[in-house]
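Values reported hereafter were calculated over all heavy atoms of this structure, with side chains retained and with hydrogens, waters and symmetry mates removed. Chain letters run A, B, ... following the sequence lines, proteins first and then strands; every chain starts at 1.
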Number of protein chains: 2
Amino acid sequence: MQCNNFEQAYKKEMRAVQDSMDVLYGKWKISIISSICYYNKRRFSDILGDIDGISNKMLSKELKELEINQLIKRTVLDTQPVTVQYELTAHGKSLQTIINNLTDWGIKHRKVITGK
Amino acid sequence: MQCNNFEQAYKKEMRAVQDSMDVLYGKWKISIISSICYYNKRRFSDILGDIDGISNKMLSKELKELEINQLIKRTVLDTQPVTVQYELTAHGKSLQTIINNLTDWGIKHRKVITGK
DNA sequence: CTGAATCCTCTGCGATACTG
DNA sequence: CAGTATCGCAGAGGATTCAG
């Protein structure tokens, strides 16, 4: 009984982690979120410049996925020619903690691997 | 000047996040770490059973990568037939926070998407 | 400027079978 | 039991071009 509860809680947590990873999966997702987050509002071509190596195809694709997952908001500005602005939703902003943690851990990890 | 410092800090953080993601990337990495973490010590076939859908090939491959990144420790037990035990290193354990955050966020995310 | 469309390559990953 | 070897495919992702 104890054991069953334990098992169930475990499965549930596993699923939750997977849910998160599904959203964050993709070679550039985190970079994109970080970029928008840093600048608050950011245009397509700006992000394209921020991230080294990304192609417009991938940026477009991953932005779309992030929008579907309601992490970012897309606004078409009535300029000539048209520009598009991206910003984080409240839900997207709630990823901040995780990104910060990943940043810290990444720095620590580099030290561990490269031999303190 | 202000701007340059800002830019540099930004690039540095981006790289750190990417470092983390490189390690955690792979369809099963997080699940594997979670499994070992929950049970403290875990054998190959146990993990194989814990994670739904994983193949022995992938488990073997990702375990190897995790070991290279010094997140887990592999111990061959002198039994008949041979069994192998995996456990988290101190460095691997330091991922706990991130995994917990991901779990929490995943639960929240599901609520947001499925419409509160 | 912001994408969508096309083409093409490479690899992540599954299924299965085999070894010490 | 704990892997390694082989085969095969779908999809990720790059380069380039086209369109509103």
Length of the line joining [X]:[atom1] and [N]:[atom2], which is rounded to integer Å:
{"X": "A:Leu59", "N": "D:dA12", "atom1": "CG", "atom2": "P", "result": "16 Å"}
{"X": "A:Ile72", "N": "C:dT2", "atom1": "CD1", "atom2": "C1'", "result": "14 Å"}
{"X": "A:Ile32", "N": "C:dG3", "atom1": "CD1", "atom2": "C1'", "result": "14 Å"}
{"X": "A:Asp46", "N": "C:dC1", "atom1": "CG", "atom2": "C1'", "result": "11 Å"}
{"X": "A:Ile51", "N": "D:dG13", "atom1": "CD1", "atom2": "P", "result": "13 Å"}
{"X": "A:Lys64", "N": "C:dG3", "atom1": "NZ", "atom2": "P", "result": "9 Å"}
{"X": "A:Arg42", "N": "C:dG3", "atom1": "CZ", "atom2": "P", "result": "15 Å"}
{"X": "B:Tyr86", "N": "D:dA2", "atom1": "OH", "atom2": "C1'", "result": "7 Å"}

- Steps toward side-chain hydrogen bond (donor to acceptor under 3.5 Å, both in side chains) verdict (A:Gln18, B:Ser31): CA-CA 8 Å; A:Gln18 274 309 128; B:Ser31 301; 3.2 Å; yes
- Going by modelled atom types, is there a donor-acceptor pair between the base of C:dG12 and the side chain of B:Lys27 at under 3.5 Å?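 For B:Lys27, whose side chain was compared with the base of C:dG12, there is no donor-acceptor pair (under 3.5 Å).
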Return no unless some side-chain N or O of [X] is found under 4.0 Å from OP1 or OP2 of [N].
{"X": "A:Thr79", "N": "C:dC1", "answer": "no"}
{"X": "B:Arg43", "N": "D:dG3", "answer": "no"}
{"X": "A:Arg74", "N": "C:dG3", "answer": "yes"}
{"X": "B:Lys57", "N": "D:dA2", "answer": "no"}
{"X": "B:Tyr25", "N": "C:dC13", "answer": "no"}
{"X": "A:Ser45", "N": "C:dT2", "answer": "yes"}
{"X": "B:Ser55", "N": "C:dC13", "answer": "no"}

- Are any side-chain N or O atoms of B:Glu87 and backbone N or O atoms of B:Lys41, one a donor and one an acceptor, separated by less than 3.5 Å?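 Checked: no pair found.
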- Message: Let me spell it out: for each of A:Val84 and B:Asn56, pick the nucleotide of DNA chain C with the closest heavy atom. Which residue's pick is nearer the 5' end?
- Response: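 Going by which nucleotide is closer to the 5' end, it is A:Val84.
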- Candidates C:dG3, C:dG14, D:dA2 - which lies nearest the side chain of B:Phe44: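 Looking only at heavy atoms from C-beta outward on B:Phe44, the closest nucleotide is D:dA2.
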- Task: Ignoring the backbone of B:Lys61, work out which of C:dG14, C:dG12, C:dC1 is nearest its side chain.
- Result: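 For B:Lys61, the side-chain atoms sit closest to C:dG12.
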- Check the surroundings of atom NZ in A:Lys73: do more than 12 heavy atoms from other residues, nucleotides or ligands lie under 6.0 Å from it?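 Open: at most 12 neighbouring heavy atoms sit under 6.0 Å from NZ of A:Lys73.
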- Side-chain touch B:Leu71/B:Glu65, heavy atoms, less than 4.5 angstrom: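 Contact flag for B:Leu71/B:Glu65 side chains = no.
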- Should the pair B:Phe44 and B:Tyr86 be assigned to parallel (<30°), tilted (30 to 60°) or perpendicular (>60°) ring geometry?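 Rings of B:Phe44 and B:Tyr86: tilted, 30 to 60°.
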- Nearest-nucleotide comparison on DNA chain D, the residue closer to the 5′ end among B:Val82 and A:Val82: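 Final value for this comparison: B:Val82.
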